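Data first, discussion second: the structure below is written as structure tokens.
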Amino acid sequence: VTRPNCFPYLKAIAIALAVVAIPYGGVEFVLLNHALDRGSEELNSAATRYVQRADSALSEALYSLKTVQEGGFADCRGASRQALANEVQRSEHIRTIGIVDANGLAMCMEPGGRLATATLLPPYQKDSPTISIGIVEDANGVRSAIAGLHIGNGDRLIARLSQETLAIDAGPDYLRQYMQADVRLSDGSLWYRNGRLEEDVGEEVLAETVRSTQFPLRASVTAPRSAVRSLVRELDIITTIGAFGALIVIALFVLRMIRQQSDLGIIGEIDAALKRKEFEPYYQPLMDIESGHLLGCEALARWVRKDGTVVSPAQFIPVAEASGQIFEITLQLMEKVNTDLAELYRTHPELKVSVNLAAGHLNTRKIVDDVKRIFGKGPIRYEQLVFEVTERQQLSDVDGARRILAELRSLGAKTALDDVGTGHSGLAYLQKLGVDIVKIDKIFIDPLSSDRNSNAIVDKLVGLAESLEMGIVAEGVENFEQIEILRQLGVTTAQGFLFAPPLPKNLYLELAASLLPRADDDAIANDDGETPEAVVA
Ligand code: C2E
Ligand code: CA
Ligand code: CA
């Protein structure tokens with residue numbers, strides 16, 4: 001039987017997680033791979049652009065140097081220097097052009113003047129190539145690339161490239177801010193650096209290196225993986241939201257399946273309990289609040305398990321109503337009522353016992369046959385029976401229900417409308433169904449107090465019941481103040497914990513024995529009204 005616990009919820013969430021985790025993980029994996037692939041491509045193309053830029057700047061510089069050489073200006077004469085200065089002017093990348101001797105000392109530099117003496121290149125060696133590339137760093141730490149062209153005797157024409165040559169805007173928006181670039185010659189000397197490459201970024205990075213095919217240089221571009229991932233951030237969010245939604249939908253679905261299964265489980269348990277006849281009526285007394293007499297009782301179903309635990313009807317009646325097992329349960333209850341109360345009700349024909357019917361009972365005549373079969377031969381007489389129909393449940397066929405109630409009434413039984421005031425159909429039922437008694441629900445009895453306003457509903461119900469010539473029972477009476485007010489309002493019958501809760505058979509019989517006047521009481525009672533038994537006790 002369902003105990004209120006969180007196990008089904010945890011199970012549903014666990015299953016939903018298991019179902020969602022694999023596709024979610026798969027999509028995330030694909031997204032990440034896509035981002036990494038795209039990121040690598042972007043870094044590669046950025047590196048390629050650096051290399052292309054370096055290549056074209058160096059090519060241009062060497063071309064300029066060759067033009068100077070071929071024009072016969074590869075010396076430090078005044079006219080030559082003018083030609084060098086013109087070449088610098090003309091070129092986009094070249095900052096200075098000059099001539100360096102075999103020792104690497106500058107002989108002249110344009111712009112700059114005749115006697116620039118700084119060492120700019122390593123001394124010329126016999127096996128040095130005609131074309132050379134080097135990096136120089138000035139006193140301020142600014143680096144430039146130098147293209148050299150051997151012009152004979154160890155003398156070299158050199159062109160120093162501007163800083164801006166490689167300051168290009170490479171890479172897409174989402175990476176630019178995080179990207180780091182590094183252009184080096186093959187010997188490892190650094191020409192250009194952009195970004196925080198030297199700092200430890202503290203996380204895994206993606207790196208791409210592209211080598212020039214023309215010159216001995218390479219460009220390396222890196223970006224942190226998190227920046228690369230940001231390409232798919234939106235898809236990432238959508239996927240995560242989607243997965244979360246799927247998680248909830250699946251969890252709810254699984255929960256419903258678990259519920260259905262556990263209902264199926266209960267149905268099986270109820271079947272077994274029916275076979276073992278574990279359903280028993282408990283009896284809650286109904287009292288006449290004017291005289292204090294016992295009027296009878298309401299039979300309330302309990303499932304008394306083999307181990308003695310008593311299951312409340314809320315845990316099995318709804319399932320049994322849905323499954324149709326309520327018919328068998330009611331049948332067994334009525335059989336037990338007929339035997340439990342046989343002696344008491346035979347000797348006290350004025351006592352009543354109420355039996356609760358479900359809405360389903362009023363869809364078929366079966367209940368009439370069951371009642372006849374069980375009570376037809378006594379000892380409990382039809383006149384001692386009351387059948388309660390709850391207003392809480394919608395009746396599918398009110399006319400049919402009225403006919404079935406009419407048949408029960410024609411046997412001599414009474415009918416009652418239970419939980420009056422709580423249903424959707426309202427008091428229209430009262431007239432349509434043909435009932436003898438209305439039972440006013442506990443929620444209207446609870447607020448009864450000396451404040452007249454809070455009694456208005458009960459007052460109205462009483463007026464209505466009286467005008468329709470119906471009996472009234474107040475349900476769920478828990479204190480004497482309520483009794484007092486009910487009396488004032490004209491209610492004479494009440495049921496509630498104030499008198500007794502639903503009692504197992506033996507206790508109900510004992511209670512009845514103590515409350516009911518016995519046939520021979522008058523004869524043996526003492527003057528003060530005590531019975532001899534009470535005196536002995
Ligand atoms: P109900 O027919 O309205 O029965 C009255 C319920 O109110 C009982 O709960 C009873 O124990 C409780 N009650 C009575 N006096 C007081 C009181 O002063 N204070 C409080 N707090 N409660 C009070 P129970 O026995 O748990 O039954 C619950 C419901 O289960 C019943 O409500 C009825 O709708 C259904 N039920 C019980 N037995 C059967 C049955 O044999 N057949 C059908 N169809 N339904 C049944
Ligand atoms: Ca009832
Ligand atoms: Ca009730």
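Remember, it's 1-based here, ligands and their atoms both numbered in the order they're listed. Not measured: the values here are computed from a predicted model.
At least one heavy atom of Q284 lies less than 4.0 angstrom from ligand 1. Under a 4.0 angstrom heavy-atom cut-off, P501 registers as lying outside contact with ligand 1. For K442, the closest heavy-atom approach to ligand 1 falls below 4.0 Å. Not close to ligand 1: T330, with no non-hydrogen atom less than 4.0 angstrom away. Under a 4.0 Å heavy-atom criterion, S312 is not in contact with ligand 1. In this structure, T390 does not count as a contact residue of ligand 1, since none of its heavy atoms falls inside 4.0 Å of the ligand.
Heavy-atom proximity to E321, at under 4.0 Å, picks out these atoms of ligand 1: 44 (N). The distance from ligand 1 to the heavy atoms of E475 drops below 4.0 Å at these ligand atoms: 3 (O). Here is the list of ligand 1 atoms found below 4.0 Å of a heavy atom in E298: 2 (O), 4 (O). Close contacts between ligand 1 and L333 involve ligand atoms 41 (O) [criterion: under 4.0 Å to a heavy atom]. Applying the 4.0 Å criterion to heavy atoms of D419 picks out, from ligand 1, the atoms 3 (O).
Looking only at heavy atoms of the protein, atom 43 (C) of ligand 1 is closest to N356 CB, 3.6 Å. Looking only at protein heavy atoms, the nearest one to atom 38 (N) of ligand 1 is A301 N, 3.0 Å. Looking at atom 1 (P) of ligand 1, its nearest protein heavy atom turns out to be D418 OD2, 3.9 Å. Of all protein heavy atoms, the one closest to atom 27 (O) of ligand 1 is P313 CG, 3.4 Å. Scanning the protein for heavy atoms near atom 31 (C) of ligand 1, the closest one is L300 CD2, 4.1 Å. The closest protein non-hydrogen atom to atom 13 (N) of ligand 1 is F497 CE2, 3.7 Å. Looking from atom 19 (N) of ligand 1 to the surrounding protein, the closest heavy atom is E478 OE2, 2.6 Å. Regarding atom 11 (O) of ligand 1, its nearest protein heavy-atom neighbour is P502 CG, 3.2 Å.
When the Ca ion (ligand 2) is compared with the N/O/S atoms of E298, atom OE2 turns out nearest.
Of the candidates I317, N479, I445, I326, the one placing a heavy atom closest to atom 45 (N) of ligand 1 is I317.
A salt bridge is absent between E391 and K439: the closest approach of a Lys/Arg side-chain nitrogen to an acidic carboxylate oxygen does not fall below 4.0 angstrom. The pair E42-R38 meets the salt-bridge criterion, with a side-chain N (NZ, NE, NH1 or NH2) lying under 4.0 Å from an Asp/Glu carboxylate O.
Of all non-hydrogen atoms in Y345 and K352, the two that sit nearest each other are OH-O, 2.7 Å. A pairwise comparison of heavy atoms in R381 and P349 identifies NH2-CB, 2.9 Å as the closest pair.
Excluding water, every protein N/O/S atom under 3.0 Å from the Ca ion (ligand 3) is given here by residue and atom: D418 OD1, D419 OD1, E475 OE1, E475 OE2.
In summary, of the residues considered (K366, R365, R373), a salt bridge (charged side-chain N to carboxylate O under 4.0 Å, His left out) with D369 occurs for R365 alone.
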